There are 2 protein chains.
Amino acid sequence: MPSSRPLRADARRNREALLSAARQAFLGGDTDTHVEDIARSAGVAVGTLYRHFETREALVEEVYRKEVDDLCTAPDDLLNRHAPDEALRRFLLLLVDHAAVGRGMSVALESIMATDSPVFDDARTRMGDALTRLLDAGSAAGTVRDDVSGPTLLRALGGVCALRATEGWLDEARQITTLILDGLRHGAPRAG
Amino acid sequence: MPSSRPLRADARRNREALLSAARQAFLGGDTDTHVEDIARSAGVAVGTLYRHFETREALVEEVYRKEVDDLCTAPDDLLNRHAPDEALRRFLLLLVDHAAVGRGMSVALESIMATDSPVFDDARTRMGDALTRLLDAGSAAGTVRDDVSGPTLLRALGGVCALRATEGWLDEARQITTLILDGLRHGAPRAG
DNA sequence: CCATAAGGTGAGTCTGATTCCGTTTACGTG
DNA sequence: CACGTAAACGGAATCAGACTCACCTTATGG
């Protein structure tokens, strides 16, 4: 089923056009753009959209996965350049800033972190792994507590990414991030 | 517009029936029950449902608001019985347990905490206030840091309530709660 | 060039929320 | 206890938006 033949030239072109139109719509913040509109602005008919993407959600997922993939390359770089707890701190703030770029990415992150939708399984796994790498490095260095897993931390961050568009949300997001980091620090006073 | 005349007897009866049918459906976990089904199981036609509730969402909100109101009476009791930081701890765990009762409440809390939907403005405000009371008491007693607001904490908890149905989610939820509490403790090492 | 399979089209279907108006009913009044 | 009337109700009709399918168009490899 996967990759039978290479796509025909026009098909590949249309697929790209669709993804690009969808990216523009979704990352621009308009998360509930109609499929018809996406198809139209890609210069194709809905039938074509559905030839390339199983459902509307599948298209959404494809767009967001690429964004998440980008983000997930960051931890390795950060770990090379910084102490583990600092790398962790920077990564979390990076998430916030990405969410800040536009409402769109925030919606993506939220969907990924705050739902169980199988549509985002893949992205969720990648993010979880990225966080796990950071946490492991930190606890190996003794600066981060070792009883929190990547996926759990991912869940904890869910709320941060739901803030878009509130007055003063960026500050609030940073504050929550800090709060979580403080809780993660090795030697934090533990709740009874 | 608000409270012109008292509702006619049959109207009040139907309204109650609708709310009760909706509560049963939503809190039972089936968050996307069709309006037709709710109306039917309340023994009423859709037209009647729409006479009482502007939209489907409005009905959802009404159901959830009541649950949230219940929950929001807890902090005062807890503050009477326990030291502020303990009261805070218990309240957060109470949230988790409420989410545990069934997926329904979890969905409610998630919607409330993790979105900006004006539909939940009211519930969100109440929860924010409840948390503020707890935080204020804690920081007055010097056991809780004073730079986190109720609404911010509410946001931070958003992820916790999105866990329902995952394998082992209850443990994960408790762990995240603990993590946040640790970050809140006065004297926690602060992130740089 | 042609055959033909891959790809595209868009009107039509389906599902579910919301509306609208004719009918029924509660209840204050004489 | 009728009766009039505003308030409620019912439910078929409408609307919205995702998704399908039977038929047409076009790359492409031989």
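Because the structure is predicted, anything quoted here is derived from the model rather than measured. Below, chains carry the letters A, B, ... as their sequence lines are ordered, and counting in each starts from 1.
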If I take atom [atom1] in residue [X] and atom [atom2] in nucleotide [N], what distance separates them, rounded to the nearest angstrom?
{"X": "A:Arg56", "N": "D:dA18", "atom1": "CZ", "atom2": "P", "value": "6 Å"}
{"X": "B:Leu18", "N": "D:dG10", "atom1": "CG", "atom2": "P", "value": "9 Å"}
{"X": "A:Phe53", "N": "C:dG8", "atom1": "CZ", "atom2": "P", "value": "11 Å"}
{"X": "B:Leu49", "N": "C:dC20", "atom1": "CG", "atom2": "C1'", "value": "16 Å"}
{"X": "B:Glu54", "N": "C:dC20", "atom1": "CD", "atom2": "P", "value": "13 Å"}
{"X": "B:Asp37", "N": "C:dG16", "atom1": "CG", "atom2": "P", "value": "9 Å"}
{"X": "B:Asp30", "N": "C:dG16", "atom1": "CG", "atom2": "P", "value": "11 Å"}
{"X": "B:Glu36", "N": "C:dT19", "atom1": "CD", "atom2": "C1'", "value": "13 Å"}

If only side-chain N and O atoms of [X] are considered, is one of them under 4.0 Å from the OP1 or OP2 phosphate oxygen of [N]?
{"X": "B:His52", "N": "D:dA8", "answer": "no"}
{"X": "B:Tyr50", "N": "C:dT18", "answer": "yes"}
{"X": "B:Thr48", "N": "D:dG10", "answer": "yes"}

**Request:** Under 4.0 Å between any heavy atoms, over every strand shown, what does A:Val35 touch: base, sugar-phosphate, or nothing? Just pick one.
**Result:** sugar-phosphate
**Request:** For B:Arg51, answer base if it contacts any base atom (sugar-phosphate contacts may also be present), sugar-phosphate if it contacts only those atoms, and nothing otherwise; contact means non-hydrogen atoms under 4.0 Å.
**Result:**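 Counting heavy atoms under 4.0 Å across all strands, the contact made by B:Arg51 includes a base.
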Charged N-O contact under 4.0 Å between [X] and [Y]:
{"X": "B:Glu62", "Y": "B:Arg65", "value": "yes"}
{"X": "A:Lys66", "Y": "A:Asp70", "value": "no"}
{"X": "A:Glu86", "Y": "A:Arg81", "value": "no"}
{"X": "B:Arg133", "Y": "B:Asp136", "value": "no"}
{"X": "B:Asp182", "Y": "A:Arg145", "value": "yes"}
{"X": "A:Arg126", "Y": "A:Asp129", "value": "no"}
{"X": "A:Arg174", "Y": "A:Asp97", "value": "yes"}
{"X": "A:Asp121", "Y": "A:Arg124", "value": "yes"}

Among [options], which nucleotide has an atom closest to any side-chain atom of [X]?
{"X": "B:Asn14", "options": "D:dA18, C:dA17, D:dC9", "result": "D:dC9"}
{"X": "B:Ala11", "options": "D:dA18, D:dG10, D:dA8", "result": "D:dA8"}
{"X": "B:Val46", "options": "C:dG10, C:dG16, D:dA12", "result": "D:dA12"}

Could you go over nucleotides 26-30 of chain C and give all protein N or O partners under 3.5 Å, atom names and distances?
unit_1	atom_1	unit_2	atom_2	d
C:dA26	O4'	B:Arg8	NE	3.3
C:dC27	OP1	B:Ala9	N	3.0

**Prompt:** Of A:Thr33 and A:Gly47, whose nearest nucleotide on DNA chain D comes first from the 5' end?
**Reply:** A:Thr33
**Asked** Between B:Asp32 and A:Arg12, which has a closest nucleotide on DNA chain C that is more 5'?
**Response**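 Nearest-nucleotide comparison on DNA chain C picks A:Arg12.
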